[in-house]
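Since the model is a prediction, treat every value here as computed from it, not as a measurement.
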2 protein chains.
Amino acid sequence: MERKRRHDPERRARIIEAALSVIAEHGVAGCTHRRVAEAADVPLGSMTYHFDGIDSLLAEAFALLSGRIAEDYRATLRAAPDIAAAREAVVALICNGPWGGRGTMTQIFELYAWSTRHPDHAGLMSGWMAQSREALEAHFTPAQARALDAMIEGVMIHNLASAALIPPEEVRAIVRALTGG
Amino acid sequence: MERKRRHDPERRARIIEAALSVIAEHGVAGCTHRRVAEAADVPLGSMTYHFDGIDSLLAEAFALLSGRIAEDYRATLRAAPDIAAAREAVVALICNGPWGGRGTMTQIFELYAWSTRHPDHAGLMSGWMAQSREALEAHFTPAQARALDAMIEGVMIHNLASAALIPPEEVRAIVRALTGG
DNA sequence: GATGCTTACGTACAAACGTACGCTTCATGT
DNA sequence: ACATGAAGCGTACGTTTGTACGTAAGCATC
């Protein structure tokens, strides 16, 4: 009988990471203890040891996802020195789109669906949006920030669905229209 | 031994309807034959009799959902006699929002997530968006239609997440900005 | 190296799942 | 009234699921 990797401090984090990738591939519907365990290369027993149940694992996974994306968002905008650059940053956010491939977008949809059905975790969605709005308000008025934020979301979804991407030039024009430039 | 309702021509449709409401409440993850059967008040056996499997039931349910929403969309826009009315129709679409309560939005997210993971049914999403874009193009230029379509999506999502709705006045301003009015 | 305490794992179990299939019921033609 | 075929249901089966729990490994202390 052989026991391996008893000491493995990254394990918990690796499980969460694995959960995200399982979600991307199989959705929340297919995110089972066993599948995640295999993806993370940990024994099944580790699942119930590290997490209180599948829902609590999902909650942590989604928290990681939203935190990560919000950070990306913030960083991109913070780097902009003036309004013109900020506008261009927004264009970049939209066009570089789902921050890491199609899978990320799937994860985001699953997050939306899941958090809508779990009022206890509604903060995942609203907090994230508050953060992105706040990041935008460093450069724009609150009303403009609201409009841009919604626009980013909407364009990304449409870009994902219809394969025919809205060209950057057009995105730029929209951003200009929304920010009175 | 008692047998009931052998003759029940609406049964198939009722099952699909029930599937949608189960999805709203439990997500695709919790959409099981048994739960749907109970919701539709039909015996479990009817599930496999009327549908080839759970995925094929989901596909039909989502098709119904998207068709229904697209129709709503089209009808609202078709009723507008001129540009000004069309703009107002768009505002109405956004503000009256999820066409039938929070549950509808959950269903839509689940549809997005599901169809993204099922390439065979990607047409559900892209077809719907094509339809709504087409409806918009009766009144606006293609570029404006794309922008409005994305905007509608984005604002609705944000309205759902953050409880603090974007006021109609502001929506009206955005629509005006996007359509050069 | 023996002891005791913490950490982590293997495994077993009940519940819930999707699905197949034989049998009942009904409508129809005679 | 009866036969017959189609339609629809009840049930049972093999899998997969989440989770609990006894037990083994690691580690500090002596």
Side-chain angles (χ1 to χ4, degrees), chain A residues 1-63 110 113-114 117-118 120-121, chain B residues 1-63 110 113-114 117-118 120-121:
Chain A
M1 158 108 39
E2 183 185 0
R3 297 259 193 170
K4 288 173 300 189
R5 198 173 37 228
R6 287 288 305 207
H7 183 61
D8 177 9
E10 310 281 354
R11 170 157 305 191
R12 210 185 124 88
R14 208 169 60 249
I15 292 175
I16 297 177
E17 211 69 58
L20 277 180
S21 78
V22 170
I23 290 171
E25 196 173 349
H26 302 279
V28 166
C31 184
T32 68
H33 276 150
R34 281 159 232 264
R35 246 203 281 256
V36 174
E38 191 182 13
D41 187 28
V42 301
L44 176 59
S46 285
M47 293 293 127
T48 48
Y49 178 74
H50 287 290
F51 301 92
D52 278 350
I54 197 85
D55 262 17
S56 122
L57 170 58
L58 285 173
E60 291 211 44
F62 282 136
E110 295 280 353
W114 188 84
R117 272 184 297 105
H118 290 78
D120 297 355
H121 300 95
Chain B
M1 161 106 39
E2 183 185 358
R3 297 258 192 174
K4 288 173 299 189
R5 200 172 35 228
R6 288 286 305 208
H7 184 62
D8 178 9
E10 311 281 352
R11 170 156 306 192
R12 211 185 124 88
R14 208 169 61 249
I15 293 175
I16 297 176
E17 211 68 60
L20 276 180
S21 77
V22 170
I23 289 171
E25 196 172 350
H26 302 279
V28 166
C31 185
T32 69
H33 277 151
R34 281 160 231 264
R35 247 201 283 254
V36 174
E38 190 182 13
D41 187 26
V42 300
L44 175 60
S46 284
M47 292 294 127
T48 49
Y49 177 74
H50 287 289
F51 302 92
D52 279 349
I54 197 85
D55 262 18
S56 122
L57 171 58
L58 285 173
E60 292 211 43
F62 282 136
E110 295 279 354
W114 188 83
R117 272 185 297 105
H118 290 79
D120 297 355
H121 299 95

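With sequence neighbours excluded, the residues satisfying ring-ring contact (aromatic ring centres under 6.0 Å, His included) with B:His121 are B:Trp114. For B:Ser21, there are no side chain to side chain donor-acceptor pair (under 3.5 Å) partners two or more places apart in sequence or in a different chain. In this structure A:Glu17 satisfies the side chain to side chain donor-acceptor pair (under 3.5 Å) test together with A:Arg68, sequence neighbours excluded. Applying the side-chain contact (heavy atoms from CB on, under 4.5 Å) test to B:Ala39 and every residue at least two apart in sequence or in another chain returns B:Ala18, B:Val22. Annotation: side-chain contact (heavy atoms from CB on, under 4.5 Å) contacts of B:Ala24 (sequence neighbours excluded): B:Gln107.
With B:Ser46 as reference, B:Arg11 is the one residue of B:Arg12, B:Arg11, B:Arg14 to meet the side-chain hydrogen bond (donor to acceptor under 3.5 Å, both in side chains) rule.
At whole-Å resolution of the value, CD1 in A:Ile54 and C1' in D:dA20 are 16 Å apart. Between A:Arg12 atom CZ and C:dC9 atom C1' there is a gap of 17 Å when expressed in whole angstrom units. In this entry the distance linking CZ of A:Arg11 with P of D:dA25 reads 15 Å, nearest Å. We find that CD of A:Glu10 is positioned 17 Å from P of C:dT7, with the value rounded to whole Å. Rounded to a whole Å, the CD atom of A:Glu38 is 16 Å from the P atom of C:dC9.
The stretch residues 27-36 of chain A has no heavy atom under 4.0 Å from DNA chain C, so no residue of it qualifies as close. Shown for residues 17-26 of chain A: no residue has heavy atoms falling under 4.0 angstrom of DNA chain D. Residues from residues 56-63 of chain B with heavy atoms under 4.0 angstrom of DNA chain D: there are none. Taking a 4.0 Å limit (strictly below) on heavy-atom distances, residues 44-53 of chain B reaches DNA chain C at B:Leu44, B:Thr48, B:Gly53.
Between B:Gly27 and B:Glu110, the closest heavy-atom pair is CA-OE2, 3.3 Å. Looking at every heavy atom in both residues, A:Leu20 comes nearest to A:Ala61 through CD2-O, 3.6 Å.
The 12-atom threshold is not exceeded at CD of A:Glu25, counting heavy atoms of other residues, nucleotides or ligands nearer than 6.0 Å.
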For residues 48-55 of chain A, which side-chain N or O atoms pair as donor and acceptor with protein atoms under 3.5 Å away, sequence neighbours left out?
unit_1	atom_1	unit_2	atom_2	d
A:Thr48	OG1	A:Gly45	O	3.4
A:Asp55	OD2	A:His118	NE2	3.4

In a table with atom names and distances, give each donor-acceptor pair under 3.5 Å that connects a side chain of residues 29-36 of chain A to protein atoms at least two apart or in another chain.
unit_1	atom_1	unit_2	atom_2	d
A:Thr32	OG1	A:Arg35	N	3.1
A:Arg35	NE	A:Gly30	O	2.9
A:Arg35	NH2	A:Gly30	O	3.4

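B:Glu60 CD to B:Ile16 CD1: the interatomic distance, rounded to the nearest 0.5 Å, is 4.5 Å. Atoms CZ and CD1, on A:Arg117 and B:Ile23 in that order, are 10.0 Å from each other to the nearest 0.5 Å.
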